[in-house]
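Single-structure report; data block below.
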2 protein chains.
Amino acid sequence: MVVGCQHMELLKAKGLKSTQARRDILALFNERHTLLRAEDIFAKVKKKGTDLATVYRTLETFEEQGIIRKVDVRSGSDVYELAGHHHHHIVCTKCNIVEGFNDCNAEDISSMLLKNSKNFNVIQDHSFEFFGVCKSCAKR
Amino acid sequence: MVVGCQHMELLKAKGLKSTQARRDILALFNERHTLLRAEDIFAKVKKKGTDLATVYRTLETFEEQGIIRKVDVRSGSDVYELAGHHHHHIVCTKCNIVEGFNDCNAEDISSMLLKNSKNFNVIQDHSFEFFGVCKSCAKR
DNA sequence: ATTACAAGTGCAAATTATTTGCATTTAAAA
DNA sequence: TTTTAAATGCAAATAATTTGCACTTGTAAT
């Protein structure tokens, strides 16, 4: 499966120069559909000479362009995933394994919220994350 | 309204020594029912000689004891609120003003999740935060 | 009350995560 | 090709949090 071209298309569409680092990082998010931290990405791209600062700058740019989004999973460092699809997670509080899901009733709740809120009339986004203990960790 | 004694009771009940810093920090969380960062707390207690490191250690201890909980609101630093009541938030992405709410259908969703999940059979907790633009910020 | 000792604290230094300044390189438009 | 704004590497700076250690203090037992 050749995806390199798709990556270049996306970058061009967003008005971003197609560089090695950006293509690699985009590829990583597409291969592994998991949550990634700057350090995880750096571990994969440093052999090609990409700097950690570039990883951070790329994550910032991608987030601004709506290519990726930050996920609140109570981890020490910022964690990202591909954006564009509605998605939430259950995170194991012992081993941090993550499972995704997308069925949530956020629309119902947010319309109710807006009805009752005295400060807000626009909701852009939400984060809905569950925390639990996964089956393997539960066996100990 | 005298609450000092209540604070001492709670600390004793949790097996924690009743110290100046702990009483002050507990009082802060009880007065202001808002989200607090270590720095916010430090600003209030440093005049009494309490160190920032102690603030961090106290927050950790209180969280372990279930007195406070960490809230995921995409802020640079960790943010806490009193625990013990089910609570979620809408945060303004411009000015960070926060409004609370507690009505969410998390039980429905979590039971559905557990039914479908291959990795999890225990859910302990969840975080459900909305992000939007508040009315004052919307006027600009 | 006094004592004893673990628990708690202040202070400074160490870590970790992230950001920034600047000189150099490079993708892509002309 | 040439041009140039955008992107990068490197090193240093900043921000948030944690830790080691010697000193202090709350509290349980005397």
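Chain naming here is simple, since letters A, B, ... match the order of the sequence lines and numbering starts at 1 in each. The structure displayed is predicted, hence computed values, not measured ones.
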Side chain of B:Tyr56 only, heavy atoms from C-beta on: which candidate in D:dC10, D:dT17, D:dA7 is closest? D:dT17
Can you figure out which of D:dT27, D:dT18, D:dG9 approaches the side chain of A:Asp51 most closely? D:dG9
Value in whole Å for how far the C1' atom of C:dT9 lies from CD1 of B:Ile25: 12 Å
Here's one to test your reading of the geometry: is the NZ or CZ of A:Arg69 within 45 degrees of the ring axis of A:Tyr80 and under 6.0 Å from its centre? no
If you look at every strand shown and take non-hydrogen atoms under 4.0 Å, does B:Thr61 touch a base, only sugar-phosphate, or nothing? nothing
Quick one: label A:Thr50 by what it contacts on the DNA or RNA (base, sugar-phosphate, nothing), any heavy atom closer than 4.0 Å. sugar-phosphate
Can you tell me the distance, in whole Å, between the CG atom of A:Leu16 and the P atom of D:dA6? 11 Å
Look at the side chain of B:Asp78 and decide which nucleotide, out of D:dT17, C:dT9, C:dT18, has an atom nearest to it. D:dT17
Among D:dT17, C:dG8, D:dT8, which is the nearest nucleotide to the side chain of A:Arg22? D:dT8
Consider the side chain of B:Leu52, meaning its heavy atoms from C-beta on, and name the nucleotide among D:dG9, D:dT17, C:dG10 that approaches it most closely. D:dT17
In terms of side-chain heavy atoms of A:Thr19, which of D:dG26, D:dG20, D:dT8 is nearest? D:dT8
What's the closest nucleotide to the B:Lys17 side chain, out of C:dT20, C:dG10, D:dT25? D:dT25
Of the nucleotides D:dA7, C:dT20, D:dT19, which has the atom closest to the A:Ala53 side chain? C:dT20
Looking at A:Lys48, A:Lys46, A:Lys47, which one forms a salt bridge (Lys or Arg N to Asp or Glu O under 4.0 Å) with A:Asp24? A:Lys48
When the ring planes of B:His126 and B:His88 are compared, do they come out parallel, tilted or perpendicular, using 30° and 60° as the limits? tilted
Specify the separation, in whole Å, of atom NZ of B:Lys14 and atom P of C:dA7. 18 Å
Tell me which of A:Ser77 and A:Ser18 sits closer to the 5' end of DNA chain C, going by the nucleotide each one is nearest to. A:Ser77
Salt bridge check: are A:Arg74 and B:Asp125 linked by an N-O gap of less than 4.0 Å? yes
